**Q** 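Provided herewith is a single structure, encoded as C-alpha cells, for subsequent inquiry.
Below, read A as the first sequence line, B as the second, and so on, with proteins coming before strands; counting in each chain starts at 1. Being a predicted model, the structure only gives us computed values, none of them experimental.
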There are 2 protein chains.
Amino acid sequence: MKAEKTEPRQSTAQRIEQALIEEISAGEVSPGQRLDEVSLATRFGASRTPVREALSRLTAQGVLVQGERRGVFVAEYSRKELSQIFEAMHEIEACCARIAAQRLNLLSRSEIEAAQADCVAAAEAGDHVGYLRANEAFHSAIYRATGNPYMAEIASEFHRRTGPFRAKKFGSRKDLIASAESHQALIRDIFSEDSATASKGMRSHMTASFMQALKAN
Amino acid sequence: MKAEKTEPRQSTAQRIEQALIEEISAGEVSPGQRLDEVSLATRFGASRTPVREALSRLTAQGVLVQGERRGVFVAEYSRKELSQIFEAMHEIEACCARIAAQRLNLLSRSEIEAAQADCVAAAEAGDHVGYLRANEAFHSAIYRATGNPYMAEIASEFHRRTGPFRAKKFGSRKDLIASAESHQALIRDIFSEDSATASKGMRSHMTASFMQALKAN
DNA sequence: ACTTTCTAAACTGTATACAAAATACTTTCT
DNA sequence: AGAAAGTATTTTGTATACAGTTTAGAAAGT
C-alpha cells in the first residue's frame, strides 16, 4: 500500500472535540450535565480557547446544546423528543439499508462482515466499550455501502447523537450478545440485495433498538 | 399573543455566521473561494476571534470545508459529488413529504399556502433575492409540517448546503415563475394526504430541480 | 421568617500578542 | 536556465487579559 500524504497534526481543539464526542456517545456524561470550559481546559492541559472551539463545534453539530443564557449541556430529551429523533433516524437508516442493498460489492460485503465479526468478538468477551465501538463500526460499514458519503454522514450523525441513549441498553454481556445476533438478521436482509427487504429489515432493527433504549432509560 | 422571553443578544460570532450562511446559500460566494479570517474581521469590524468561531462552526456543519493544511473554502463539488448530495437530499425530502402528508393540520396547511403566496409574489416581481428567501421558507414550511424537528433540521441543512448550486437556476424572472408554478403541483400532492403521492411528487420536484441546477452550473 | 437589595464570584465573548507552520518570493549555486 | 537554499510574509492555533453579563450568596429591611 502506498503511503498516504502526511496528515496534518491534529490541533488541540480537534483532539478535545474527538474526546468529547466519544465520551458523550458512550453515555459517560449524563444528559443535562453542564460542560464547564474552565475545568475542561484544566483537564486537557490547554487554555479556554481550544475548549471553546470544540464546544462550539459540538453545538453546531447538535451533539451539545447551548443554554438559554449560558452554559453548554449534553442534550437532554423528553420521551417525545427522543421518539422524534428515533423516528428521523429510523427513516435515514431505512434509506441507507435500501440503497446499500442496491449497491453491494465485494468490498462493502467484506467490511460489513468484518465489522460484525468484531461485534461478535466484543460481545462474547463482555467488553462494553469495545462493543460500542464495534457496533458503531458495523453501522458505519452499512452507511459506507450506500456509496454516498452524504447519506453516510447524516446517518452517522444520528447514530452519534443517539449514542448516549442506546448505550444504556447494553447493560450485560447477554444484552451485547443479543444485539450482535440481531445484526445477523439485518445482514441477511441487506445481503438479499432486495431494496424492500433491506428497508423492512432495518425498520424492524430500529424499532427493536428504540424499544430497548426506552426500557433502559 | 403573549410576549416571548427576552431573547439573548446575538453575539458577534453568531451574527457573522448568519451573514455568511445567507451569502453562501445565495451563491454570492463562488465554490472553491477561500474565506480569509483577516479580511472578514475587517469587514465585520471585529477581531479574528469571532470570525474564527463562525468559520469553525460552518465547517462543523459542512457548509464550508477546511483546506488540507490551511484555509477555509466554500465547498466545491464535482458533478459526481453534487449528484450524491442531491441524491441524499432527494431521499430526505421524499421522507419529509411523505410524513408531512400524513400529519397535515390547519396550521401547517396555512403556513405552506402562505409561503407559496410569498413565492408567487417574489417571482412575479422578478425579485431574485426575495425569491430565494421565499423558496427557503416554502420548503421550511413543508419540513415543519412533518411535526418532527429533527427531520426538519436535516432537510434544512441539505437545503442550505445546496443553496449555491440551486440559486444558479433562477437566472430570470421566467425561471422564478416556473419554479413557483412547480410548487403548486407539489402542494397538491402533499395536500392529497396520501403518502405515496406526496413522496412521488417530491421526487419529481427534486429530480427537476437537480436537472435544472446541472444545466445552470 | 421571608423578601429585597447589594456585592462578589463565575461565566461569556472578544481583542490582542505570541509562536509555530506554511507559503511565497528572492538570492545563490550549478 | 533551472534547482536549491535562504528570507520574508502570511496563516493558523493558542494563551492571556479585559470588560460585560449573569448568577449566587450575603446583608439589610419588613
**Q** Got a sec, which residues hit salt bridge (charged side-chain N to carboxylate O under 4.0 Å, His left out) with B/Arg57, two or more places apart in sequence or on another chain?
**A** B/Glu17
**Q** Taking CG from B/Leu55 and C1' from D/dT11, how many angstroms apart are they, rounded to a whole number?
**A** 13 Å
**Q** Between A/Glu22 and A/Arg160, does any NZ, NE, NH1 or NH2 come within less than 4.0 Å of an OD or OE carboxylate oxygen?
**A** no
**Q** How many whole angstroms separate atom CD of A/Glu53 from atom P of D/dG13?
**A** 7 Å
**Q** Where each residue is assigned the nucleotide of DNA chain D containing its nearest heavy atom, which of B/Glu37 and A/Arg70 is assigned the position nearer the 5′ end?
**A** B/Glu37
**Q** Do the two ring centres, one from A/Phe86 and one from A/Phe165, sit under 6.0 Å apart?
**A** no
**Q** Specify the separation, in whole Å, of atom CG of A/Asp36 and atom C1' of D/dA24.
**A** 16 Å
**Q** Between C/dA15 atom P and B/Phe44 atom CZ, what is the distance in whole Å?
**A** 13 Å
**Q** Set out, line by line, the N/O atom pairs under 3.5 Å between protein and nucleotides 16-18 of chain C.
**A**
{"from": "C/dT16", "atom 1": "O4", "to": "B/Thr49", "atom 2": "OG1", "distance (Å)": "3.4"}

**Q** Round to the nearest Å and state the distance from B/Arg34 atom CZ to C/dA24 atom C1'.
**A** 13 Å
**Q** Would you say A/Thr12 places a side-chain N or O within less than 4.0 Å of OP1 or OP2 belonging to D/dT14?
**A** yes
**Q** In plain terms, say whether A/Arg173 and A/Glu124 are close enough for a salt bridge, that is, a side-chain N and a carboxylate O under 4.0 Å apart.
**A** yes
**Q** Using the test side chain to side chain contact (heavy atoms under 4.5 Å, CB included), find all partners of B/Ser110 that sit at least two apart in sequence or belong to another chain.
**A** B/Leu106
**Q** So if I take every side-chain heavy atom of A/Arg69 and compare against D/dT22, D/dA15, C/dC11, which nucleotide ends up nearest?
**A** D/dT22
**Q** Please report the distance, rounded to the nearest Å, between CD in A/Gln10 and C1' in D/dT12.
**A** 16 Å
**Q** Taking only Lys NZ, Arg NE, NH1 and NH2, and the carboxylate oxygens of Asp or Glu, determine whether A/Glu81 and A/Arg161 approach each other closer than 4.0 Å.
**A** no
**Q** Whole angstroms only, please: what is the CD-P distance between A/Glu68 and D/dT21?
**A** 18 Å
**Q** Is there a Watson-Crick or G-U wobble partner for C/dC2 with both distances under 3.5 Å, and if so, which one is it?
**A** D/dG29
**Q** Using the ring of each side chain (for Trp, its six-membered ring), is A/His183 parallel, tilted or perpendicular to A/His205, with breaks at 30° and 60°?
**A** tilted
